[in-house]
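Structure first, then comments.
For clarity, every value in this text was computed on a predicted model and none was experimentally measured.
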Amino acid sequence: MKTIPKIALGTLLALAVAGTLGWFSLDKETRGLLKTVPTNRDLLFWDVPQRDAAFRALDRISLLAKWRVVEASSTPRPLPAGTPIKTLPDIDAYMADQRSSALLIVHDGKLRLERYGLDFDADGRWTSFSVAKSFTSTLVGAAIEDGFIKSMDDKVSTYIPQMKGSAYDDVSVRQLLTMTSGVRWNENYSDPNSDVARFNNHKPEEPGVDALVSYLRKLPREAPAGERWLYSTGETNLVGILLSQATGKPLSQYLEEKIWKPAGMEQQATWILNKTGQEISGCCIQAATRDYARFGMFILDSAVAGGKRTVPEGWLQQATSKRADIGLPGRGYGYQWWTYDDGSFAARGIFGQGIFIDPARKLVIASNANWAGGASDPKTSQAREVFYKAVQKALDDEATQGK
């Protein structure tokens with residue numbers, strides 16, 4: 001993989017920005033990014049300080065990335081303060097271990113914990129990584145409700161004709177959402193030759209073909225469609241292309257119309273684009289942590305806002321329950337949601353991003369972080385699972401004591 005020399009890229013960025021804005025007119029996030037310029041364009045291989053600077057500022061410098069804006073609601077959903085939860089583990093120690101930039105707990109519509117770290121705050125935007133997958137899934141439900149997608153059993157090639165003749169020709173929308181296509185894919189974040197590391201740099205073999213479509217339609221089939229689960233960010237990005245083709249709208253516009261404004265988001269968000277101008281639907285929404293929590297509340301409300309249903313009746317229950325076996329006891333995968341057998345479910349992103357939702361307890365936990373151990377550090381990931389259970393137990397203890 002070719003890299004861009006740090007000095008060359010840093011000088012280019014600094015000159016470009018200084019020439020138009022001036023250093024001291026920049027916000028702290030942009031200045032921080034310019035001080036810690038990445039050595040290459042593949043964030044999977046940036047060091048911890050580079051990630052610390054970039055995760056809050058990916059939408060600040062167009063030389064690094066392009067994006068579209070998702071406008072905020074004119075009537076933000078309130079997040080009233082609730083009483084602190086008394087029996088939680090040591091929050092300072094937990095956040096330090098996670099290298100957490102934000103941790104919010106919303107219970108029964110009230111904000112019962114709001115803490116920030118890494119010099120981040122409530123006004124900042126942090127990148128979602130694969131938490132965006134659950135937003136994309138919800139937009140598929142919206143597209144079905146709106147009639148843009150006729151059926152979950154429609155074939156991918158019905159909406160993306162360029163996939164005809166590929167291994168995806170036999171794959172349904174449902175199988176794409178559950179990551180059971182049976183198509184080969186390597187999601188190893190530490191391997192620079194894996195598909196997840198290579199596909200963003202792929203050049204289409206012919207004009208007018210999206211780079212992702214060009215990459216994916218060359219991959220071979222390894223198993224019959226519907227029989228094997230395999231995590232694939234590439235397939236979520238293909239869902240995004242399918243959505244744009246079906247709706248005739250950019251994903252950022254559809255997100256704004258169907259979720260961001262109806263759900264009462266307080267701040268504008270941005271969605272990073274790939275090299276061919278398509279939102280990277282498996283990744284890269286930049287948003288305030290409070291708005292990630294509001295998304296969780298929107299899902300708790302069955303994706304109903306202002307009395308209007310966003311997705312078909314019963315669709316969200318299917319999306320957030322086990323549709324595919326992932327080989328872990330008590331766990332599963334729905335429509336781009338990680339599921340638990342107790343009825344809770346979560347959106348998860350690399351480096352510690354997450355939205356945990358427990359309908360039975362009316363609980364939402366929104367987290368942002370930059371794990372020192374890497375993209376999918378198992379030790380830190382397990383510590384987050386333990387924390388989720390500790391919050392559930394604390395709320396159960398409260399309920400017991402209140403009776």
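- Under the 30°/60° scheme for interplanar angles, the aromatic rings of Phe351 and Phe129 are found to be tilted.
- Applying the 6.0 Å contact sphere to NZ of Lys218 captures more than 12 heavy atoms from other residues, nucleotides or ligands.
- With contacts defined as side-chain heavy-atom distances shorter than 4.5 Å, the pair Tyr335/Gln318 qualifies.
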Item checked: Verdict with supporting geometry, Tyr388 and Asp358, side chain to side chain donor-acceptor pair (under 3.5 Å) -> CA-CA 10 Å; Tyr388 289 162; Asp358 183 347; over 6 Å; no
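- Side chain of Asp301 to main chain of Val304: no donor-acceptor pair is present (N/O by atom type, distance under 3.5 Å, no hydrogens or angles).
- Heavy atoms from other residues, nucleotides or ligands lying under 6.0 Å from NZ of Lys362 number 12 at most.
- A donor-acceptor contact shorter than 3.5 Å is absent between the side chain of Gln253 and the backbone of Pro250.
- Between Arg384 and Tyr94, the closest side-chain pair of non-hydrogen atoms falls below 4.5 Å.
- Side-chain atoms of Lys110 do not come within 3.5 Å of backbone N or O of Pro80 as any donor-acceptor pair.
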Next item on the list: Show the numbers, then the answer: is there a side chain to side chain donor-acceptor pair (under 3.5 Å) between Gln98 and Trp371?
Entry: CA-CA 6 Å; Gln98 294 277 306; Trp371 289 343; 3.0 Å; yes
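- Here the OG-CD distance, from Ser252 to Gln278, works out to 9.0 Å after rounding to the nearest 0.5 Å.
- With rounding to the nearest 0.5 Å, the separation of CG in Leu238 from CG in Asp210 is 9.0 Å.
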Notebook entry, point to check: Please walk me through it: do Asn368 and Thr289 pass side chain to side chain donor-acceptor pair (under 3.5 Å)?
Noted result: CA-CA 7 Å; Asn368 284 319; Thr289 314; 3.0 Å; yes
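- Contact check on Arg99 versus Asp52 returns a salt bridge, with a Lys/Arg side-chain nitrogen under 4.0 Å from an Asp/Glu carboxylate oxygen.
- For the atom pair Ser367 OG and Met95 CE, the distance stands at 8.5 Å (nearest 0.5 Å).
- Between the side chain of Arg323 and the main chain of Ala319, no donor-acceptor pair closer than 3.5 Å is present.
- Residue Leu177 forms a side chain to side chain contact (heavy atoms under 4.5 Å, CB included) with just one option from Met152, Lys133, Glu235, and that option is Met152.
- Between Val183 and Leu216 there is no side-chain heavy-atom pair separated by less than 4.5 Å.
- Contact annotation: the side chain of Leu104 approaches that of Tyr116 to within less than 4.5 Å [non-hydrogen atoms, C-beta and beyond].
- Within the 4.5 Å cutoff, side-chain heavy atoms of Arg221 are placed close to those of Val171.
- Between Tyr168 and Ile160 there is no side-chain heavy-atom pair separated by less than 4.5 Å.
- Aromatic pair Phe135/Phe298: centroids not less than 6.0 angstrom apart.
- The backbone N or O of Val196 lies less than 3.5 Å from no partner atom in the side chain of Glu187, so there is not a single donor-acceptor pair.
- No side-chain donor-acceptor contact under 3.5 Å links Lys261 to the backbone of Lys258.
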Next item on the list: Could you give me the CA-CA distance, side-chain angles and deciding distance for Gln286 and Thr270, then say whether side chain to side chain donor-acceptor pair (under 3.5 Å) is met?
Entry: CA-CA 5 Å; Gln286 282 60 233; Thr270 59; 3.2 Å; yes
Notebook entry, point to check: Can you check side-chain contact (heavy atoms from CB on, under 4.5 Å) on Arg290 and Gln267, steps first, answer last?
Noted result: CA-CA 9 Å; Arg290 283 183 162 218; Gln267 294 190 40; over 6 Å; no
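- To the nearest 0.5 Å, atoms CD (Gln268) and CH2 (Trp260) are separated by 10.5 Å.
- Residues Asp146 and Thr247 fail the side-chain proximity criterion, which asks for heavy atoms closer than 4.5 Å.
- Residues Tyr254 and Trp271 keep their aromatic ring centres 6.0 Å or farther apart.
- Checked against Glu398 for a salt bridge (charged side-chain N to carboxylate O under 4.0 Å, His left out), the options Arg112, Arg361, Lys393 give a single hit: Arg112.
- Contact check for Leu251 versus Leu243: side-chain heavy atoms found under the 4.5 Å cut-off.
- Ser194 and Asp191 share no donor-acceptor pair across their side chains, judged by distance under 3.5 Å alone.
- In this structure Trp338 satisfies the ring pair (Phe, Tyr, Trp, His ring centres under 6.0 Å) test together with Trp229, Tyr231, Tyr333, sequence neighbours excluded.
- Here the OG atom belonging to Ser151 is positioned 6.5 Å from the CZ atom belonging to Arg174, to the nearest 0.5 angstrom.
- Between the side chain of Ser166 and the backbone N or O of Arg217 there is no donor-acceptor pair closer than 3.5 Å.
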Note to self: Walk me through whether Ile85 and Leu113 qualify under side-chain contact (heavy atoms from CB on, under 4.5 Å).
What the structure shows: CA-CA 7 Å; Ile85 303 173; Leu113 177 78; 5.7 Å; no
Next item on the list: Take Arg56 and Leu118 through the side-chain contact (heavy atoms from CB on, under 4.5 Å) test and state the conclusion after the steps.
Entry: CA-CA 10 Å; Arg56 71 197 75 203; Leu118 304 183; 3.8 Å; yes
Next item on the list: List the steps and the verdict of salt bridge (Lys or Arg N to Asp or Glu O under 4.0 Å) for Asp169 and Lys155.
Entry: CA-CA 7 Å; Asp169 208 356; Lys155 301 302 182 185; over 6 Å; no
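- For the atom pair CZ of Phe199 and OH of Tyr215, the computed distance is 8.5 Å after rounding to the nearest 0.5 Å.
- Between the Trp67 side chain and the Glu279 main chain, no donor and acceptor come within less than 3.5 Å of each other.
- Using a distance-only test at 3.5 Å, with no hydrogens or angles considered, a donor-acceptor pair links the side chain of Thr339 to the main chain of Gly332.
- Of the possible donor and acceptor atoms, one in the side chain of Asp121 sits under 3.5 Å from a partner among the backbone N and O of Gly124.
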